[in-house]
Amino acid sequence: MVTIRLTNSKTRRKEEFVPLEPSNVRMYVCGPTVYDRAHLGNARPVVVFDVLYRLLRHVYGAGHVTYVRNFTDVDDKINAEALRRQKAGRPETLEALIHERTEETIAWYHADMDALGALRPDHEPRATEFIGAMVSMIEGLIAKGHAYAVEGHVLFRVRSYAEYGALSGRSVDDMIAGARVEVAPYKEDPMDFVLWKPSDQGLPGWDSPWGRGRPGWHIECSAMAYELLGESFDIHGGGLDLQFPHHENEIAQSACAHPHGSFAKVWLHNEMLQVEGKKMSKSLGNFFTVRDLLEQGIPGEVIRFVLLMTHYRSPMDWRRRAASDAKKELRRWWFATEDVKARLPVDGEVVEALANDLNTSDAIKRLRDLYKAREYELLKSAANMMGFLLPSAGEWYRPTVDDEARSSIEAVFHLRQKFRQLRDYAASDYLRAVLEVAGVVISDGKQPSWTASYAGQERGWKKLHDLAYDGSGRWPSAEEIEGLSRNRNVIVTSLIDNQNNVTDEWNVMINDIPDRIDIGLLQLAGFIGGPA
RNA sequence: GGCGGGUUGGCGGAGAGGUUACGCAGCGGAUUGCAAAUCCGUGAAGACCGGUUCGAUUCCGGUACCCGCCUCCA
């Protein structure tokens, strides 16, 4: 049996993972508030814990792992969006508009996370489905003296739980010194947090012993984890920013409501994702969504690869460059393995790397070793286990070739062969470049062949620019090439060396990779006509 | 102010107290009309100052800088 070791935030140490019940390993991960598209920061824990889920399934068996990730569908931002729609003239009730918003957001979330190759959890409970469980949990807390009702609110009495702050390494007294908490007059202690709050007529609410209202944010995870995983379970995960106060509050509520349970044994927190050195956050407005990246032609699998290149406990900076490197590498793996059958068992070193506190970077290194060793069958099975090279990723690495494209490609390809036979190598190189910018890579040799691939795009554009300046006049002018590239979101600039001289090299940036062969570019072959 | 994390070669990014991380890019070579793919080879690092040690990029202390949490956020 593989020994999994995980860094437990609770103890701040890397510990051997011993499940409570190997026949039912239980994990809870805090999911999204469903009010808008998921941004890239949301994707990091999804992918990280997906790897853990896959590892647990590998070690304990797919049927012996229960993974729960919630949808927070009670939230003021959702209400705000629903109200906005109502004010914009929609006739439906607020409830209906809220429902509409959460449904569409959940569908987006599923589509985007599926694209990243993340498996769906076993349960995806919604807060609105567990209001009753939350109410009874709150009632229990009041009965035991851990919470109190006042002015329609119910507050958790932080002082009643001696270990409050243990997870995040804070003490209640220190935090009060900071005094950055909302000091409501009805609070016994400034650190007390809301379990239930009243809803006025304009807001969604549920009847409760304390009047019509809605739950505070933290209680939902405690209630849903209890209902679906029991009073003790193995792993609780989420972003580091949730450690305090969200997870601290979850622990306090759960420990007080179910004193015989241990709640989560292991706490895992992924570090934050940054963009240009700054945390991606809604308030800074520097965030972009997973969908944005997908629409820019960065496949979900590539995003996944970039996210997993960095260990989950380190901050990671999203860089465009990292995505293009990853794309290149994954493309090679795809071409090497597409006709290969995965061979089990999964490579032990990959599993070992993952079992060592999810060292995904090390695991990827091992995949690279397998690729280099041409162990493609093992590469495929190990990559599959990490959520790579799966058929569900789609053939992003290969442009679509329809019949029209195929005949155009064949025509240019054969024309080029003729020029080669005539030893008109300038024409032959020009046609190679034409094919490459259109999405076709050709390989000479004993059996000349072509493959639909974007791998040669940059090279092709550079070559076209070079040729445009060769003075022969056989091909389109520099201006024409420039125009074509710009129309395709490709920026080609001359390179400037460190003495500030313009060199004869070209720098190419491709911003938008099409998903099909560019037949328009293939027509550039017409410029040189047939061989004389 | 309180608490926590980070600083590795041109870029990204790991592990390990002593032996090549790895990828991308670069350079040299094989191969090729030229390429591609592939293969072989190669240079390049550990913020700063001390300490422990036979030996530290790796452990300890300090300094600087960066980042996060403490307020909705993964």
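Chain naming here is simple, since letters A, B, ... match the order of the sequence lines and numbering starts at 1 in each.
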What's the closest nucleotide to the side chain of [X] if the choices are [options]?
| X | options | value |
| --- | --- | --- |
| Lys77(A) | rA74(B), rC72(B), rC70(B) | rC72(B) |
| Arg368(A) | rG23(B), rC70(B), rA74(B) | rG23(B) |
| Ser361(A) | rG33(B), rC69(B), rA14(B) | rA14(B) |

Checklist entry - Which of parallel (below 30°), tilted (30 to 60°) and perpendicular (above 60°) describes Trp333(A) and Tyr371(A)? => result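 It falls in the tilted class, 30° to 60°.
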Next on the checklist: Tell me whether the rings of Phe233(A) and Phe263(A) are parallel (<30°), tilted (30 to 60°) or perpendicular (>60°).
Outcome noted: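 Rings of Phe233(A) and Phe263(A): perpendicular, as their planes differ by over 60°.
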Next on the checklist: Any heavy-atom pair between the side chains of Thr102(A) and Tyr35(A) that's under 4.5 Å?
Outcome noted: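 Tyr35(A) vs Thr102(A): side chains apart.
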Item to check | Asp234(A) and Tyr28(A) side chains, donor-acceptor separation under 3.5 Å | outcome: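 There is no such pair between these side chains.
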With sugar-phosphate meaning primed atoms plus P, OP1 and OP2, does [X] contact a base, only sugar-phosphate, or nothing at under 4.0 Å between heavy atoms?
| X | value |
| --- | --- |
| Ser428(A) | base |
| Asp369(A) | nothing |
| His269(A) | nothing |
| Gly41(A) | base |

Next on the checklist: Tell me whether the side-chain N or O atoms of Arg313(A) pair up with the base of rG13(B) as donor and acceptor below 3.5 Å, since no angle test is needed here.
Outcome noted: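 No, the side chain and the base share no sub-3.5 Å donor-acceptor pair.
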Checklist entry - Looking at rG33(B), does its base get a donor-acceptor pair with the side chain of Asp429(A) below 3.5 Å? => result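 Such a pair exists between side chain and base.
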So, is [X] close to the [N] phosphate, meaning a side-chain N or O under 4.0 Å from OP1 or OP2?
| X | N | answer |
| --- | --- | --- |
| Trp217(A) | rC73(B) | yes |
| Lys328(A) | rA25(B) | yes |
| Arg44(A) | rA74(B) | no |
| Thr310(A) | rG13(B) | yes |

Taking all non-hydrogen atoms of both residues into account, name the closest pair between [X] and [Y] and its distance.
| X | Y | answer |
| --- | --- | --- |
| Ala38(A) | Tyr109(A) | CB-CD1, 3.9 Å |
| Ser9(A) | His269(A) | OG-ND1, 2.7 Å |
| Val158(A) | Tyr164(A) | CG1-CD2, 3.4 Å |

What integer number of Å spans the [atom1] atoms of [N] and [M]?
| N | M | atom1 | answer |
| --- | --- | --- | --- |
| rA35(B) | rC27(B) | P | 13 Å |
| rU57(B) | rA14(B) | C1' | 13 Å |
| rG6(B) | rA30(B) | C1' | 44 Å |
| rC67(B) | rG55(B) | C1' | 34 Å |

Checklist outcome for this item: Pairs under 3.5 Å (Watson-Crick or G-U), crossing ones as [ ], inter-strand ones as |: RNA chain B comes out as (((((((..(((.....[...))).(((((.......)))))....(((((..]....))))))))))))....
Checklist entry - Of Lys463(A), Arg416(A), Arg459(A), Lys462(A), which is the lone residue that meets salt bridge (Lys or Arg N to Asp or Glu O under 4.0 Å) with Glu436(A)? => result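 Of all the options given, the one that passes is Arg459(A).
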Please write out the pairs of protein N or O atoms and N or O atoms of nucleotides 36-40 of chain B separated by less than 3.5 Å, giving the distance to one decimal.
unit_1, atom_1, unit_2, atom_2, d
rU38(B), OP1, Tyr371(A), OH, 2.7
rU38(B), O2', Arg374(A), NH2, 2.7

